[in-house]
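By convention here, the first residue in the shown sequence is residue 1. In what follows, every heavy atom counts, from backbone to side chain, and hydrogens, waters and symmetry copies are set aside.
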Amino acid sequence: MTAADQGSVRTAVITGAAHGIGREYARRLAADGIRVVVADVADAAETLALIAGEGSEGISVRCDVSSEESMCAMRDAVRDFGGAEIIVHNAGIYPFQRFEEIDLAAWRRVQAINVEGLFLLTRSFLPTMRERGWGRIVAIASGVFNTGVPGALHYVASKGAVTGFVRGLAPEIAADNITINAIAPGLIRSAGTLAGPHQKMGLFDAVLEMQAIKRTGMPEDLSGALSYLVSDAASFMTGQTLLIDGGIGRT
């Protein structure tokens, strides 16, 4: 019996949803009538207010996605909330360092959050999805995997691994009515990119020149795709990476 057959409201866990793009993901899914668990290392009060404003329920759980112990504790908290059939691994870091400046610790930190976090999150909630006969997993890849970007090798490599994870897991879970897909954004104007060196480096202007659509991407440009991917309408789509970058290279 699927979650839809049970007539229950679905619940989504979104990592890194205390601010930025993740906050918009949480707001959009709440507007769709989905309950939302905000899993983040930061305070999520503002995100929870947005969820409530959309008429949905939400909780926040402090969670370090690179820690197996922390992820297990978050899973247990979500179980008390009724469990979850939807997971969105949005948490990620993107430090700018030239190759010669990347030591092993820096390399491992990026992989731990961007890739191992996806592995741990999926391992935590896949059993519930299998039990309920329905599930949606959405990973966040990046358009930079297709183009590369100077000074971000560890980030680009991690997003390539995310794409591989999605392709590799899809055939293993399809029989249980579970799909896994990824969203690959281009450069998006968000709290994270505005706080980083993107403007100082002139990346917004440079990327705009390469885009077919001549405006900077916003979090709202991604949330519609997420809404689709976690819905029943996307039941025949799995193992895919959806590129949303304003048409880079297609001017």
Would you check if [X] and [Y] make a side-chain contact, meaning some heavy-atom pair closer than 4.5 Å?
X	Y	result
Val13	Ile86	no
Val65	Leu120	no
Val207	Ile248	yes
Ser235	Thr179	no
Asp76	Met74	no
Ile183	Val138	yes
Ser227	Asp32	yes
Glu68	Arg123	yes

inquiry  = Please determine whether side-chain contact (heavy atoms from CB on, under 4.5 Å) holds for the pair Ile173 and Ile137, giving the CA-CA distance in whole Å, both sets of side-chain angles, and the decisive distance to 0.1 Å.
reply    = CA-CA 10 Å; Ile173 60 179; Ile137 303 168; 4.0 Å; yes
Flag, side chain of [X] to backbone of [Y], donor-acceptor distance under 3.5 Å:
X	Y	value
Asn181	Leu229	no
Asp176	Arg130	no
Arg23	Ala18	yes
Glu54	Ile51	no
Asp221	Met218	yes
Asn90	Ile14	no
Ser56	Ala52	no

key: Worked check of side-chain hydrogen bond (donor to acceptor under 3.5 Å, both in side chains) between Glu24 and Ser223   = CA-CA 7 Å; Glu24 169 56 21; Ser223 58; 2.9 Å; yes
ask   = On the ring face of Phe81, is Arg35 found with NZ or CZ under 6.0 Å from the centre and within 45° of the axis?
value = yes
Nearest-0.5 Å distance that lies between atom [atom1] in [X] and atom [atom2] in [Y]:
X	Y	atom1	atom2	result
Cys63	Leu121	SG	CG	8.0 Å
Thr238	Gln240	OG1	CD	7.5 Å
Asp64	Ser70	CG	OG	5.5 Å
Leu126	Glu172	CG	CD	9.0 Å
Thr128	Arg79	OG1	CZ	7.0 Å
Ile59	Leu48	CD1	CG	8.5 Å

key: More than 12 heavy atoms from other groups under 6.0 Å of CD on Glu46   =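 At most 12 heavy atoms, drawn from other residues, nucleotides or ligands, come within 6.0 Å of this atom.
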inquiry  = Quick check on Arg167: does its CZ atom have over 12 non-hydrogen neighbours (other residues, nucleotides or ligands) under 6.0 Å away?
reply    = no
ask   = Taking it one step at a time, do Asp232 and Trp134 satisfy side-chain hydrogen bond (donor to acceptor under 3.5 Å, both in side chains)?
value = CA-CA 10 Å; Asp232 288 320; Trp134 191 94; 2.9 Å; yes
Heavy-atom pair with the smallest gap, counting every atom of [X] and [Y]:
X	Y	value
Gly92	Asn114	CA-OD1, 3.1 Å
Ala26	Ala17	CB-CB, 4.5 Å
Ala91	Thr15	N-OG1, 3.0 Å
Ile140	Lys159	O-NZ, 2.8 Å
Gly168	Pro171	O-CD, 3.5 Å
Ala139	Leu118	CB-CD2, 3.9 Å

State plainly whether one hydrophobic cluster holds both [X] and [Y], where clusters connect Ile, Leu, Val, Met, Phe, Trp and Tyr through side-chain heavy atoms under 4.5 angstrom apart.
X	Y	result
Val9	Val37	no
Ile188	Leu29	yes
Met129	Phe165	yes
Trp107	Phe119	no
Val88	Val38	yes

request  = Verify whether one side chain among Gln97 and His154 offers a donor that lies under 3.5 Å from an acceptor in the other.
outcome  = yes
ask   = After noting the C-alpha distance and the side-chain angles of Thr11 and Ile34, does the key distance pass the side-chain contact (heavy atoms from CB on, under 4.5 Å) rule?
value = CA-CA 6 Å; Thr11 301; Ile34 296 171; 5.6 Å; no
Derivation of the side-chain contact (heavy atoms from CB on, under 4.5 Å) call for Asp43 and Arg62 = CA-CA 8 Å; Asp43 179 79; Arg62 292 292 181 104; 3.7 Å; yes
query = Salt-bridged, Glu209 to Lys214, with N to O below 4.0 Å?
reply =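 The answer is no: the pair does not qualify as a salt bridge.
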N-O pairing of Arg10 and Glu85 below 4.0 Å = no
inquiry  = For Val144 and Tyr94: C-alpha separation, side-chain torsions, deciding distance, then whether side-chain contact (heavy atoms from CB on, under 4.5 Å) applies.
reply    = CA-CA 11 Å; Val144 300; Tyr94 39 90; over 6 Å; no
